[in-house]
Amino acid sequence: MEGGKQGCAFPRSKRLLNASDYSRVFEQPDAKASHRFLLLLARHNDADNHRLGLVIAKKNVRLAVGRNRIKRLAREFFRALPAADCTVDVVLLTRRGIDQLDNAEVSTILQQQWQKLSRQFPKPEPDTSRDR
RNA sequence: CGAGUCGGUCAGGCGAUCGCUCCCAACCAUCUCUCGAGCUGGUUGGGGGAGGAAAGUCCGGGCUCCGCAGGGCAGAGUGCCAGGUAACGCCUGGGGGGCGCGAGCCUACGGAAAGUGCAACAGAAAGGAAACCGCCCGGCCACUCCCGAGUGGCCGGGUAAGGGUGAAAAGGUGCGGUAAGAGCGCACCGCGCGGCUGGUAACAGGCGUGGCGAUGGUAAACCCCACUCGGAGCAAGACCAAAUAGGAAUCCGUCAGCUGUGGCCCGCAGUGGAUUCGGGUAGGUCGCUACAGGCAGGUGGUGACACCUGUCGCAGAUGAAUGAUCGUCCUCGACAGAACCCGGCUUAUCGACCGACUCUUUUU
């Protein structure tokens with residue numbers, strides 16, 4: 001961890017990697033943001049940064065090209081987020097019809113829903129203030 | 001110039017910034033030791049990074065495991081001939097049939113004299129068929145008259161040429177023939193059978209022969225014949241470390257049973273078996289991309305393709321990379337995303353370009 005220009009990169013450590021990571025979020029989410037086209041679930045973690053997981057069902061976005069597009073947009077958005085005091089594991093689920101939107105519209109929705117989610121974070125936790 | 005046929009190529013370009021993944025090199029940190037390397041993490045630099053269909057998963061292989069992939073039944077598939085291939089249901093060439101003026105295109109194209117089944121409606125009759133109208137002959141009765149016939153009715157027979165029904169009416173057309181008709185006879189065509197010629201063959205040509213009461217259609221209906229096919233799939237499968245490991249108890253058995261085995265039987269191989277209790281893991285590495293490989297040239301072949309030489313290195317992710325934003329140009333960008341790998345088929349698709357060829361009109 002050499003500091004530097006970290007925060008714009010999106011390495012392995014910023015993703016949810018296995019099934020247990022996912023089920024931890026699903027079982028007890030601390031915050032959620034629901035929208036016509038997507039659903040965000042979040043749970044506080046002990047890592048140094050946010051971690052993202054994507055669940056894009058074939059049922060909701062039929063074409064593989066479409067699923068890839070949504071994933072890339074989501075990663076791009078989370079990559080650009082600034083470092084936060086309180087870090088969470090986030091799972092993004094998509095709903096039907098999201099593949100009809102263009103890139104700009106999806107980015108806007110992601111921005112709105114992230115803000116909505118951020119307000120629900122358990123701010124007053126004493127131990128989470130990390131010094132670096 | 002216009003209309004069209006066949007084959008092939010490409011799949012927005014350029015620049016800037018910020019990212020992802022793999023490989024290589026250097027450096028830094030950590031650990032290990034046989035002190036030079038190795039392991040892990042990171043930084044910097046360089047390089048590679050979706051498709052013609054990556055798709056549907058419809059065929060065929062390779063590869064892996066099931067000991068070998070053996071025999072029989074069942075089941076599935078293929079179906080003109082020859083060749084190509086690792087193999088195919090693919091491709092090439094050829095033959096038959098159909099369509100088009102033509103370049104060309106389409107073709108599930110074995111068997112209906114082994115058996116079973118099926119065919120609505122109409123029609124007199126529909127498969128060893130059948131006289132409804134009609135046509136013709138004979139007999140009887142009635143009527144008419146030019147006394148030999150005609151007309152009408154009834155009865156008995158002949159007739160598949162004509163009408164009508166139908167998807168289809170039992171070879172077709174023509175001439176002869178006949179009471180009227182009929183392969184009854186003849187010619188041509190079709191069909192069956194037998195030689196002959198050409199061809200590897202499918203098949204074609206021609207000769208003879210049978211008058212054709214016999215052989216109707218349907219086999220993507222059962223079926224028959226010929227040929228092919230063992231089963232599962234990279235979550236195949238192999239390894240590593242940790243935790244299981246390992247076990248414990250009860251019962252039953254010793255030419256049987258069970259497992260491999262996927263439908264069955266035989267064969268073969270392995271093994272004591274069943275139940276209960278307790279305890280758990282579903283992390284990482286390999287498989288994983290270099291081959292039936294691309295490109296160029298040559299040789300053989302009508303061609304699919306084969307062989308030889310040279311040259312190139314061209315994605316390997318694993319909660320799953322190959323992108324985002326901005327600028328700019330143009331013809332304003334379709335269908336669409338690798339997951340073990342190849343060969344095909346099929347389906348989706350904005351357009352652009354190249355080559356060969358055909359037809360119509362005009363001009364020379």
Side-chain angles (χ1 to χ4, degrees):
Chain A
M1 293 304 162
E2 299 301 315
K5 49 174 73 174
Q6 202 190 22
C8 291
F10 194 72
R12 190 62 77 69
S13 59
K14 289 195 174 183
R15 309 178 213 162
L16 298 185
L17 292 179
N18 53 40
S20 56
D21 290 342
Y22 276 83
S23 48
R24 207 181 74 86
V25 176
F26 281 125
E27 277 164 19
Q28 211 170 23
D30 293 330
K32 60 173 96 173
S34 185
H35 182 265
R36 163 100 171 71
F37 291 121
L38 53 84
L39 172 68
L40 288 173
L41 296 176
R43 185 170 180 186
H44 175 257
N45 67 13
D46 293 327
D48 291 328
N49 41 46
H50 296 311
R51 296 196 301 173
L52 174 67
L54 299 164
V55 177
I56 297 171
K58 203 170 185 176
K59 201 176 98 186
N60 294 331
V61 184
R62 282 193 51 247
L63 294 178
V65 170
R67 290 194 295 276
N68 280 341
R69 204 182 100 231
I70 304 298
K71 287 183 199 170
R72 284 164 183 158
L73 286 169
R75 285 198 210 98
E76 191 68 20
F77 175 76
F78 278 86
R79 186 170 72 80
L81 282 178
D85 286 342
C86 171
T87 60
V88 293
D89 286 345
V90 184
V91 173
L92 181 144
L93 296 97
T94 54
R95 291 181 171 155
R96 194 172 305 218
I98 193 165
D99 52 327
Q100 306 297 316
L101 307 176
D102 63 29
N103 288 0
E105 289 175 311
V106 174
S107 300
T108 309
I109 292 169
L110 277 168
Q111 180 68 36
Q112 289 168 352
Q113 297 307 307
W114 177 251
Q115 284 175 357
K116 198 166 147 191
L117 194 73
S118 308
R119 289 196 287 271
Q120 301 175 37
F121 288 167
K123 290 268 170 61
E125 256 189 77
D127 289 332
T128 46
S129 56
R130 297 190 174 273
D131 44 351
R132 42 195 304 270

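The basis for the numbers below is simple: all heavy atoms, side chains too, and nothing from hydrogens, waters or symmetry mates. Numbered from 1 within each chain, the chains take letters A, B, ... in sequence-line order.
A/F78 places its CZ atom 16 Å from the C1' atom of B/G19, with the value rounded to the nearest Å. Regarding A/D89, its CG atom lies at a distance of 15 Å from the P atom of B/G319, rounded to whole Å. Between A/L110 atom CG and B/A324 atom P the separation is 14 Å, expressed in whole Å. Between A/L92 atom CG and B/G319 atom P the separation is 18 Å, expressed in whole Å. Protein atom CG of A/N68 is 12 Å distant from nucleotide atom C1' of B/A339, rounded to whole Å. Atom CD1 in A/I56 sits about 15 Å away from atom P in B/G337, given to the nearest Å. Going from atom CZ of A/R62 over to atom C1' of B/G56 covers 12 Å, rounded to whole Å. Atom-to-atom, NZ of A/K71 to C1' of B/U21 comes out at 15 Å; the value is rounded to the nearest Å.
In this structure, A/R67 and A/R62 approach most closely via the heavy-atom pair NH1-O, 3.0 Å.
Using a 90° window around 0 for the glycosidic torsion, B/C314 falls inside it and is classed as syn. Base orientation of B/A214: syn (glycosidic angle within 90° of 0). Base orientation at B/G77 is anti, since its O4'-C1' glycosidic dihedral falls outside 90° of 0. Its glycosidic angle being more than 90° from 0, B/G163 falls on the anti side. Regarding the sugar-base torsion, B/A315 falls in the anti class, its angle being beyond 90° of 0.
Across all strands shown, B/A187 forms a Watson-Crick or G-U wobble pair with B/U173, both key distances being under 3.5 Å. In this entry B/U21 has B/G48 as its Watson-Crick or G-U wobble partner, both defining distances falling under 3.5 Å. Across all strands shown, B/A232 pairs with B/U64; the Watson-Crick or G-U wobble distances both stay below 3.5 Å. Across all strands shown, B/G217 is found opposite B/C118 as a Watson-Crick or G-U wobble partner, with both distances under 3.5 Å. For B/A108, there is no paired nucleotide, since no Watson-Crick or G-U wobble pair has both relevant distances below 3.5 Å. Partner assigned to B/C1 is none, using Watson-Crick or G-U wobble distances below 3.5 angstrom. For B/G195, there is no paired nucleotide, since no Watson-Crick or G-U wobble pair has both relevant distances below 3.5 Å. Across the strands present, B/U331 finds no partner; the criterion is a Watson-Crick or G-U wobble pair with both atom distances under 3.5 angstrom.
For the C1' atoms, the distance from B/G79 to B/C68 is 33 Å, rounded to whole Å. With C1' as the reference atom, B/C58 and B/A356 are 34 Å apart, rounded to whole Å. For the P atoms, the distance from B/U215 to B/C189 is 25 Å, rounded to whole Å. With both ends at atom C1', the span from B/C81 to B/G110 equals 13 Å, rounded to whole Å. Straight-line distance between the P atoms of B/U32 and B/U318: roughly 30 Å, to the nearest whole Å. Rounded to a whole angstrom, the distance from the P atom of B/A86 to that of B/C308 is 13 Å. Distance noted for atom P between B/G2 and B/A292: 48 Å (whole Å). Separation of the P atoms belonging to B/C109 and B/G217 is 16 Å when rounded to the nearest angstrom.
For the pair A/L54 and A/R75, the minimum side-chain heavy-atom distance is below 4.5 Å. A 4.5 Å side-chain heavy-atom check between A/I70 and A/T94 finds at least one atom pair inside the cut-off. Looking only at side-chain heavy atoms (C-beta outward), A/I98 and A/N60 stay at 4.5 Å or farther from each other.
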Show the atom names and distances, to 0.1 Å, of all donor-acceptor pairs under 3.5 Å that link a side chain in residues 104-113 of chain A to residues at least two apart or in another chain.
residue, atom, partner, partner atom, Å
A/E105, OE1, A/D102, N, 3.1
A/S107, OG, A/N103, O, 3.0
A/T108, OG1, A/A104, O, 2.8

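Between the A/R96 side chain and the A/V61 main chain, no donor and acceptor come within less than 3.5 Å of each other. Although no hydrogens or angles enter the test, the distance criterion places no donor-acceptor pair under 3.5 Å between the side chain of A/R43 and the main chain of A/D89.
Across the interface with RNA chain B, nearest-nucleotide mapping of A/R69 and A/G53 shows A/G53 to be the residue nearer the 5′ end. Where A/A104 and A/G66 meet RNA chain B, the nucleotide closest to each residue was compared, and A/A104 sits on the side nearer the 5' end.
With distances taken from any side-chain atom of A/R75 to the nucleotides B/A320, B/A50, B/A324, the minimum falls on B/A320. Considering only the side chain of A/V65, B/A336 comes nearest among B/C18, B/A50, B/A336. Proximity note for A/V55 (side chain, C-beta onward) versus B/A324, B/G319, B/A336: the nearest is B/G319.
A/L54 comes within 4.0 angstrom of a base, heavy atoms only.
A donor N or O paired with an acceptor N or O is found under 3.5 Å between the base of B/G337 and the side-chain atoms of A/R72.
At least one side-chain nitrogen or oxygen of A/N103 sits closer than 4.0 Å to the OP1 or OP2 atom of B/U325.
Residue A/R95 places its CZ atom among more than 12 non-hydrogen atoms of other residues, nucleotides or ligands, all under 6.0 Å distant.
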